[in-house]
Amino acid sequence: MEIGMSNFDHFAMSIAKNQKNIQRLVKSVIMDEDLSPAHLFVLRSICSNDEGASANQICKLLCYDKALVSRVIAALEQKNFVMRNPKDLGLKRGFRLIATDLGNEYVEKSYKAVERIEQYAVSGIGKEEQEIFFRVSMVIGDNLEEAVRHLKETED
């Protein structure tokens, strides 16, 4: 039997390579040297909902661990990019964060730069192919999450 790389090997390596390149490109368009791609992604996730987002919601959405999200939120608060949603001021946990005017302005500027990255990424790929790719990618992600849950259940 010949041992070679499977489609899954190629897929996994491609995902890792793409993730590294996305991080490099996003870092190149961030307008503040103190911020990382994680800061931008957290801020954009907060801005994507008018009511804001809790740390737990951000962790789930971005697949970041709690420690990273806590550090990023603290830095964004220090820069006055986010604040607690005034509707949640009485909560000690589970409160949502919303973007300040400064945070919203920063995200608006970032959208143009991220759009350029997206245009490079999908260059030469038709709209229909893009839609298929994104749908299939979401299904694969869901399937892998299910596999991780199943693995955890069998380990316990």
Side-chain angles (χ1 to χ4, degrees), residues 1-76 79 81-82 85 94-99 103-156:
M1 179 172 139
E2 185 178 324
I3 298 178
M5 292 187 34
S6 69
N7 282 341
F8 186 78
D9 293 327
H10 290 290
F11 173 76
M13 286 188 292
S14 175
I15 294 290
K17 179 179 164 186
N18 291 342
Q19 177 64 16
K20 277 186 179 181
N21 286 328
I22 288 168
Q23 294 289 324
R24 284 186 193 128
L25 288 166
V26 170
K27 183 67 178 165
S28 76
V29 301
I30 291 176
M31 301 150 282
D32 185 322
E33 62 190 39
D34 295 336
L35 300 180
S36 71
H39 291 88
L40 181 59
F41 292 135
V42 168
L43 184 56
R44 285 171 58 113
S45 70
I46 291 168
C47 289
S48 69
N49 185 338
D50 289 339
E51 295 294 315
S54 68
N56 195 37
Q57 290 169 323
I58 294 166
C59 288
K60 287 179 182 175
L61 178 67
L62 298 176
C63 297
Y64 289 165
D65 63 54
K66 289 178 183 178
L68 173 64
V69 170
S70 294
R71 287 192 306 272
V72 167
I73 287 171
L76 292 174
K79 288 194 165 290
F81 281 0
V82 299
N85 184 328
F95 58 85
R96 294 164 297 175
L97 296 151
I98 58 172
N104 280 315
E105 182 181 312
Y106 187 85
V107 167
E108 283 298 318
K109 289 178 184 176
S110 79
Y111 273 115
K112 290 178 181 65
V114 172
E115 259 180 23
R116 286 195 310 271
I117 293 170
E118 183 180 357
Q119 288 171 353
Y120 276 111
V122 298
S123 171
I125 303 171
K127 285 283 186 204
E128 189 175 323
E129 289 173 302
Q130 291 176 37
E131 289 174 16
I132 292 168
F133 170 77
F134 292 124
R135 268 196 321 270
V136 169
S137 182
M138 295 299 288
V139 170
I140 290 171
D142 291 345
N143 291 345
L144 291 173
E145 281 184 7
E146 181 61 31
V148 168
R149 277 193 296 277
H150 179 71
L151 181 64
K152 284 182 182 177
E153 289 171 4
T154 59
E155 289 176 345
D156 294 336

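Of all heavy-atom pairs spanning C47 and G103, the tightest one is SG-O, 4.5 Å. The shortest heavy-atom contact between I125 and A121 is CD1-O, 4.0 Å. Residues S54 and G94 approach most closely at CB-O, 4.0 Å, considering heavy atoms. Smallest separation of non-hydrogen atoms from A113 and V29: CB-CB, 3.5 Å. When all heavy atoms of S45 and A53 are compared, the closest pair comes out as O-CB, 4.4 Å.
Environment of NE2 in H10: crowded, with over 12 heavy atoms of neighbouring residues, nucleotides or ligands closer than 6.0 Å. Counting non-hydrogen atoms of other residues, nucleotides and ligands closer than 6.0 Å to CG of D9 gives a total above 12. Heavy-atom contacts from other residues, nucleotides or ligands closer than 6.0 Å to CD of E128 number 12 or fewer. Residue-environment remark: CE (M138) stays at or below the threshold of 12 foreign heavy atoms within 6.0 Å.
Rounding to the nearest 0.5 angstrom, the gap separating the CG atom in N7 from the OG atom in S14 is 11.5 Å. Separating the CG atom in D34 from the CG atom in L76 is a distance of 11.5 Å, to the nearest 0.5 Å. How far CZ of F133 is from CD1 of I140: 8.0 Å, rounded to the nearest 0.5 Å. For the atom pair CD1 (I58) and CZ (R44), the distance works out to 14.0 Å, reported to the nearest 0.5 Å. Atom CD1 of I117 and atom CD1 of I22 lie 8.5 Å apart (nearest 0.5 Å). Atom CD1 in I73 sits 12.0 Å away from atom NZ in K66 (nearest 0.5 Å).
Under a 4.0 Å N-O distance rule, the pair R149/E146 qualifies as a salt bridge.
For the pair L40 and P37, the minimum side-chain heavy-atom distance is 4.5 Å or more.
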Applying side chain to side chain contact (heavy atoms under 4.5 Å, CB included) to F81 and L35, what does each step give before you reach the verdict? CA-CA 11 Å; F81 281 0; L35 300 180; 3.7 Å; yes

Take N56 and K60, measure what side chain to side chain contact (heavy atoms under 4.5 Å, CB included) needs, and give me the verdict at the end. CA-CA 6 Å; N56 195 37; K60 287 179 182 175; 3.8 Å; yes

Given the rule in the side chain to side chain contact (heavy atoms under 4.5 Å, CB included) test, do Y120 and L25 qualify, once you have shown the distances and angles that lead to the verdict? CA-CA 11 Å; Y120 276 111; L25 288 166; 6.0 Å; no

For side chain to side chain contact (heavy atoms under 4.5 Å, CB included), just list the numbers for V139 and R135, CA-CA rounded to whole Å, side-chain angles, deciding distance to a tenth of an Å, and then say yes or no. CA-CA 6 Å; V139 170; R135 268 196 321 270; 5.7 Å; no

Check the pair E131 / K127 against salt bridge (charged side-chain N to carboxylate O under 4.0 Å, His left out), numbers first and verdict last. CA-CA 6 Å; E131 289 174 16; K127 285 283 186 204; over 6 Å; no

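N85 contributes a side-chain N or O that, together with a main-chain N or O of E51, makes up a donor-acceptor pair within less than 3.5 Å.
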